[in-house]
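To start, the structure itself, in structure tokens.
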Amino acid sequence: MTTPVTTLPHAAAEGAAGAGRTLAAIPSPPMSGIEIGPLTIHFYALCILAGVIAAVAWSERRWAAMGGEKGTIMDLAVPAVILGLIGGRIYHVITDYQLYFGEGREPIRALFIWEGGLGIWGAVPLGALGVWLVARQRGLSMSKLSFAIAPALPLAQAFGRWGNYFNQELFGAPTDLPWALHVSADNGIPAGYIPGETTYHPTFLYESLWCLGLAALLAWLGRRHTDRLGGGRLFAVYVMGYCVGRFWIEYLRVDPAHDILGLRLNNWTSILVFLLALAYFVWAGQRLDRFSTRVVPVGREAGTQVFDTDPASGDRDGGGTAPGADASDRTEPPAGDSNRDEERSSTGGEEPEEREPAEERPSAAGEKPGGAEEAETAESGTEDAETTANGTAAGASGTERDE
């Protein structure tokens, strides 16, 4: 079974003009969901799910191309999506409280997320909190993660906005444009519906197309200016770009909203968030060399790391390994040589102890006369001095490096 939304034949009863506009407009959806036994699958939820899947898949590819481990974005997506949905719903309920609280309202419907109503202004901050919690636990760079995720977020929004189409909500002012959206009142009067008007600006479509263009722009900027858009700056560009589009799209909408000085609340929110993102963009641009660039978890066993791009971890992890180097690549002098070098260096430049390597020392039965032994001792002392210098250099480069 299906959940009907509207039937188009009623348009003929509205007059020839209304019917003409309907024929040229985007038709209203024939249904908003599918009923399978006691279960109702809402298209609004499917649109959001499609956006999440597309964003995760693209982010995974971008993250792997940056040297990160596959599956990382999937792990981050679980808490990010859950917290994002909670944050988006909280923002919607707070800013549109009149829909759920007051005389004749049903507060319980504030939990019915499938009926629509998610505020991106609450979804992104709490979703980012979910990413940060996992990134901090694994020691991953939020700068790199934001770079990988930034273009995928508007792609997810482009899919999600079609949920507004199936719910017949958040449309714009009446219009006669060929791409106008036909809105039906057969199954209840949608918020913002004006009696006698049947076609409205399809603001869901405007925002979907804007987000697709923004996703393409961010991907291009990320390839062209990789070094300059690190430190979360590409994410800031996403925020600013979305705010610009949302401002003019919000200006077209006719659903009830709180007005402040002639502008809707979300218009003012767009301005405020844009300014905050711009300030961060400028601030981060002066500190690009201070952001972590680690794309593999901390504590990964030697031999399993893709590479370590965190310059701060090269000499403070206790191993003195350069970025990208495996533990097996380190060249360290043998323990015995190191101990012998330390003993020799402690003499402060005095003549090294007259001692020959064990494998070259003659047996007691075959000892040489004193003159020959002294000559060999002098020669051995010269070789030991050279060995000391080489051992000290090897120790400085291997076990005692502290750049």
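Quick note: residue numbers are just sequence positions, from 1.
Separation of atoms OG1 (Thr198) and NE2 (His182) is listed at 5.0 Å; rounding is to 0.5 Å. Rounding to the nearest 0.5 angstrom, the gap separating the CE atom in Met66 from the OG1 atom in Thr226 is 9.0 Å. Between the CZ atom of Arg105 and the CD atom of Glu103 there is a distance of 10.5 Å, given to the nearest 0.5 Å.
Between Ile271 and Asn267, every side-chain heavy-atom pair lies at or beyond the 4.5 Å cut-off. Side chains of Leu263 and Glu250 form no contact here, defined as non-hydrogen atoms less than 4.5 Å apart. Residues Phe147 and Arg233 are not in side-chain contact: their nearest non-hydrogen atoms beyond the backbone lie 4.5 Å or more apart. Two residues are said to be in side-chain contact when any heavy atoms from C-beta on lie closer than 4.5 Å; Met74 and Val56 meet this criterion. At least one side-chain heavy atom of Trp210 sits less than 4.5 Å from a side-chain heavy atom of Trp248. With contacts defined as side-chain heavy-atom distances shorter than 4.5 Å, the pair His42/Thr40 qualifies. By the 4.5 Å heavy-atom criterion applied to side chains, Thr199 and Val183 are not counted as neighbours. A 4.5 Å side-chain heavy-atom check between Ile34 and Phe43 finds at least one atom pair inside the cut-off.
Of all non-hydrogen atoms in Ala156 and Ala55, the two that sit nearest each other are CB-CB, 3.8 Å. For the pair Trp58 and Ala215, the tightest heavy-atom approach, listed with the atom from each and the gap, is CH2-O, 3.9 Å. Across every non-hydrogen atom of Leu214 and Tyr238, the tightest pair is CD2-O, 3.7 Å. Annotation for His92 and Gly119: closest pair CB-N, 4.1 Å, computed over non-hydrogen atoms. When every heavy atom of Ser143 is checked against every heavy atom of Ser292, the shortest pair comes out as CB-O, 3.9 Å. Scanning all heavy atoms of the two residues, the minimum distance from Ile73 to Ser59 falls at CG2-CB, 3.7 Å.
Listed by chain and residue number, Arg161, Asn164, Arg253, Asp255 satisfy the side chain to side chain contact (heavy atoms under 4.5 Å, CB included) test with Leu170 (two or more places apart in sequence, or in another chain). Take Tyr242 and apply the side chain to side chain donor-acceptor pair (under 3.5 Å) test, not counting sequence neighbours, and it matches Glu207, Arg246.
Side-chain contact of Asn266 with Tyr91: a donor-acceptor pair under 3.5 Å is present, judged by distance alone.
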message: Quick one, Tyr251 with His201, criterion ring-ring contact (aromatic ring centres under 6.0 Å, His included). Give me CA distance, side-chain angles, the key distance, then yes/no.
response: CA-CA 11 Å; Tyr251 198 76; His201 277 287; over 10 Å; no
message: Please determine whether side-chain contact (heavy atoms from CB on, under 4.5 Å) holds for the pair Phe166 and Cys47, giving the CA-CA distance in whole Å, both sets of side-chain angles, and the decisive distance to 0.1 Å.
response: CA-CA 9 Å; Phe166 289 105; Cys47 290; 4.0 Å; yes
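Around the CZ atom of Phe101, the shell of radius 6.0 Å holds more than 12 heavy atoms that belong to other residues, nucleotides or ligands.
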Expected list for residues 275-288: side-chain donor-acceptor pairs under 3.5 angstrom, two or more places apart:
unit_1, atom_1, unit_2, atom_2, d
Tyr280, OH, Gly231, O, 2.6
Arg287, NH1, Trp283, O, 3.0

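The only member of Tyr165, Phe171, Tyr206, Trp179 that meets ring-ring contact (aromatic ring centres under 6.0 Å, His included) when paired with Tyr200 is Phe171.
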